[in-house]
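Read the structure below first, then the notes.
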Amino acid sequence: MTCFMEEDRSRNLLSLLKRRGIIFPAFEVHGGVSGLFDYGPVGGRLLRKVQQAWVDHFLRLGNIVVIDSPTLTPHSVLEASGHVGAFNDHASECAACNAVFRSDHLLETHHSNPDSLAAAELDGLLAEHEVACPSCGEQNWQGARPMNLMFSTRIGATGGGRQAYMRPETAQGMFLAFPYLYRHFRSRLPFGAVQVGKGYRNEISPRQGMIRQREFNMAELEYFIDPQEPLNLDLSPWNDRPFNLVPDPQGPAPDPSQLTIADAVASGVVRDATVGLFMALTHDFLVAVGCDPKRIRFRQHEGDEMAHYASDCWDCELHGAYGWIETVGIAHRGCYDLEAHEQATGSKELRAWREFDEPQSVVKDVLVPIGGVIGPAFRDRASQVNEALAALEHLPESLPFELTLGSGEVVTIEQNMVEARRIEEVARGEWFLPHVIEPAFGMDRIIWHIVDHAHEETEKEGEPYVILHLAEGVAPYDVSVLPLFEKDGMGEMARALNQRILGIRGIQSQYDSSQSIGRRYARADEIGTPWSVTVDHTSLEDGTVTVRRRDDQQQIRVGQDDLCDHLARGSVSSLFS
RNA sequence: GCGAGCGUAGUGUAGUGGUUAUCACCGAGCGUUGCCAACGCUUGAACCCGAGUUCAACUCUCGGCGCUCGCACCA
């Protein structure tokens, strides 16, 4: 029964979203494309406001900047990041029952690294090891086919050109901006960059409405830290708010619990304090944009679910019409990403400098080549000899001695060719790869849940009535201005007031005069407009207007100046006692 | 991707091998009313796309696209 009603509710919500121009399937006139959606005339502003609230929320940390990088990404970047491998799996289909499996999963027990194999090799191994279909037990595989989850394209208009993909995440742009970020922050960790934008994944079959899309809005934060720097994060501001935690069932505290973030970090349930900090900040954000705290939980990745480089990973899940859905992933990525790009490119700019407390002096015995002797003696091999001498870890017991060159060739070094010297090198610090904490937000999933949590179906005088209790900060329209009746000058006064309100920075107002006043209130409630302002007969006499609060339909009367001041300061609610 | 079901105004729906279609809400205009989806009049708007069968297809068949569910995939 509850299940049925829940299904009903989400169907009603879906048609509301379409009817009121919030979210609807894209390109419907052409038949629609699965996995693509429009934010409409009302939803467009909802999306922008949520995105802006997100950016503002994290900029408040003070050491965060916003960047914006291309969605079009060259092959080499995504190869280095591991996406080309991870997103280019092969699938094998059972000819008997049509079940589809990832080819490498089928071969896991027969090959150490099936991920790396080509289609023909996969087919060969499936046959050789007589792998049966897990679903029907037959051994009748169709040829393995690549499933490329990235949208592929080429950079260059005349064919040829460079292989590229539409980015599957925004993160790589931030990793590769590291040298600029490092300079901007005057070479001092920790700092972070955020980016809000589109990501693309060519899903095999997108389902569940906007929960899984082919083009989606993401918001990601990369927070760069020095892993050796002692953390002194103050998590006590969240001590009054225990969070719902679902820890790794194989971990030390496997049972779901309610813990403050400080306790969770202190007891090791959350393994990293910075991860804990971002969990708390994530929670704050979701509540600020209108998610119900009771329907927010954090779930820790199980050991085998976590990417190999990550040391801790928590998903923030929201509960709604589709059950618990992952909306934010907060991962400790170690130095994986920067290291991967460093290795792929040889760049030396992806590191940060760590000053030692005390300069460390290293005393070293070396053999300094004497060029005047080495040169004539070895001629074109002289530079190899010099390199080999410089690379010596231990000096030979005595001279002459046999020196192995980089080429493998062995030469004899005579006493007169080198000078033994003791040198002292002072190291003031070292270059290291920063570690990264990455909170990654799926904006569309968050917006779905904002709307879901805000959507109230109630009754008014026996009739069904819908109110979208959107948080003031994200509501598409802040206010709607309604003349009680469009005559005797009420229409003119209301239009003038509407125009005046539109002049307030960041405030959107909607003038509505069609049909009865009750119907107009209902329309405003349905798209979540928090305030309705009505110009009535009294307004004509003394200039005051009434303000109606969406959430309880309470009404008060105020002067127009007063109203505009409060709208500008975002304090309209203080007008109500 | 496979299987099952489905696809009719903005939304929710009715219905039929025979003059392109029901109802409600919805939207617009005018009037009455004058603070919570009021009333009257007028008006707007749909058979997913394509092929086939047929004298005739919104209706039957096939294909495509889309939606829902299950399996699989994915986070």
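Keep in mind it's a predicted model, so treat the numbers as computed, not measured. So that the names make sense, note that chain A is the first sequence line, chain B the second, and so on, each numbered from 1.
Counting any heavy atom pair closer than 4.0 Å across all strands shown, T534(A) reaches a base atom. Base contact: S516(A) has a heavy atom under 4.0 Å from a base atom. Backbone-only contact: E203(A) has heavy atoms under 4.0 Å from sugar-phosphate atoms and none from a base. Residue-level contact check: G209(A) touches the backbone only, with heavy atoms under 4.0 Å from sugar-phosphate atoms and none from bases. Nucleic acid contact for E28(A): none, since no nucleic acid atom lies under 4.0 Å from a heavy atom of the residue. Residue-level contact check: R11(A) touches the backbone only, with heavy atoms under 4.0 Å from sugar-phosphate atoms and none from bases. Backbone-only engagement by I517(A) is indicated by non-hydrogen atom pairs under 4.0 Å involving sugar-phosphate atoms exclusively. Using a 4.0 Å heavy-atom criterion, one finds that S532(A) contacts no nucleic acid atom at all.
The backbone N or O of T538(A) sits less than 3.5 Å from a side-chain atom of D536(A), completing a donor-acceptor pair. For E203(A) (side chain) and R214(A) (main-chain N/O), no donor-acceptor pair under 3.5 Å exists by modelled atom type. Side-chain N or O atoms of Q213(A) include none that pairs as donor or acceptor with a backbone N or O of L36(A) at under 3.5 Å. R48(A) places no side-chain N or O within donor-acceptor distance of the main-chain N or O of G43(A), the cut-off being under 3.5 Å. Of the possible polar contacts, none joining the R201(A) side chain to the R167(A) backbone as a donor-acceptor pair under 3.5 Å is found.
In summary, E526(A) and R19(A) engage in a salt bridge, as defined by a charged side-chain N under 4.0 Å from a carboxylate O.
A search for ring-ring contact (aromatic ring centres under 6.0 Å, His included) contacts involving Y322(A) returns W448(A), not counting sequence neighbours. For F576(A), the ring-ring contact (aromatic ring centres under 6.0 Å, His included) partners two or more places apart in sequence, or in a different chain, are W531(A).
Between the base of C36(B) and the side chain of R519(A) there is no donor-acceptor pair shorter than 3.5 Å. The base of G70(B) is paired with the side chain of R207(A) by a donor and an acceptor separated by under 3.5 Å.
Straight-line distance between the C1' atoms of C2(B) and C73(B): roughly 12 Å, to the nearest whole Å. Using C1' as the reference atom, U22(B) and U16(B) are 11 Å apart when rounded to the nearest Å. A4(B) sits 25 Å from G12(B) when the C1' atoms are compared, rounded to a whole Å. Atom name C1', nucleotides A14(B) and C71(B): the rounded distance is 35 Å, in whole Å. If you take atom C1' in C30(B) and the same atom in C35(B), they sit 22 Å apart, rounded to whole Å. A46(B) sits 7 Å from G10(B) when the P atoms are compared, rounded to a whole Å. Across G66(B) and G29(B), the matching P atoms stand 37 Å from one another, rounded to whole Å. Comparing the same atom, P, in G3(B) and in U11(B) gives a spacing of 30 Å after rounding to whole Å.
In this structure, R523(A) atom CZ and C35(B) atom P are separated by 18 Å, rounded to whole Å. The CZ atom of R212(A) sits 13 Å away from the P atom of A72(B) (whole-angstrom rounding). Computed from coordinates, the Q515(A) CD to U33(B) C1' distance equals 13 Å when rounded to whole Å. For the pair L14(A) CG and G10(B) P, the computed distance is 16 Å after rounding to whole Å. Atom CD1 in I330(A) sits about 15 Å away from atom C1' in A75(B), given to the nearest Å. Look at CZ on F24(A): it is 14 Å from C1' on U11(B), rounded to the nearest Å. Atoms OH (Y200(A)) and P (A75(B)) sit 19 Å apart, rounded to a whole Å. Per the geometry, NZ belonging to K460(A) stands 11 Å off P belonging to A38(B), to the nearest Å.
Side-chain rings of F24(A) and F37(A) stay apart, their centers remaining 6.0 Å or farther from each other.
Side-chain proximity of R445(A) to the nucleotides C35(B), A75(B), A37(B) is greatest for A75(B). Proximity note for S514(A) (side chain, C-beta onward) versus A28(B), A75(B), G10(B): the nearest is A28(B). Closest contact between the side chain of R548(A) and the listed nucleotides C35(B), G10(B), C36(B) involves C36(B).
Under 4.0 angstrom from either OP1 or OP2 of C35(B) there lies no side-chain N or O belonging to T546(A).
Cation-pi geometry between R45(A) and Y477(A) is not satisfied (NZ or CZ under 6.0 Å from the ring centre, within 45° of the ring normal).
Nearest-nucleotide mapping onto RNA chain B: of Y465(A) and K18(A), the residue sitting toward the 5' end is K18(A). Comparing V29(A) and D525(A) along RNA chain B, the residue whose closest nucleotide (by nearest heavy atom) sits nearer the 5' end is D525(A).
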Secondary-structure string, 5' to 3', Watson-Crick or G-U under 3.5 Å, | for another-strand partners, for RNA chain B | (((((((..(((.....[....)))(((((((.....)))))))...(((((..]....))))))))))))....
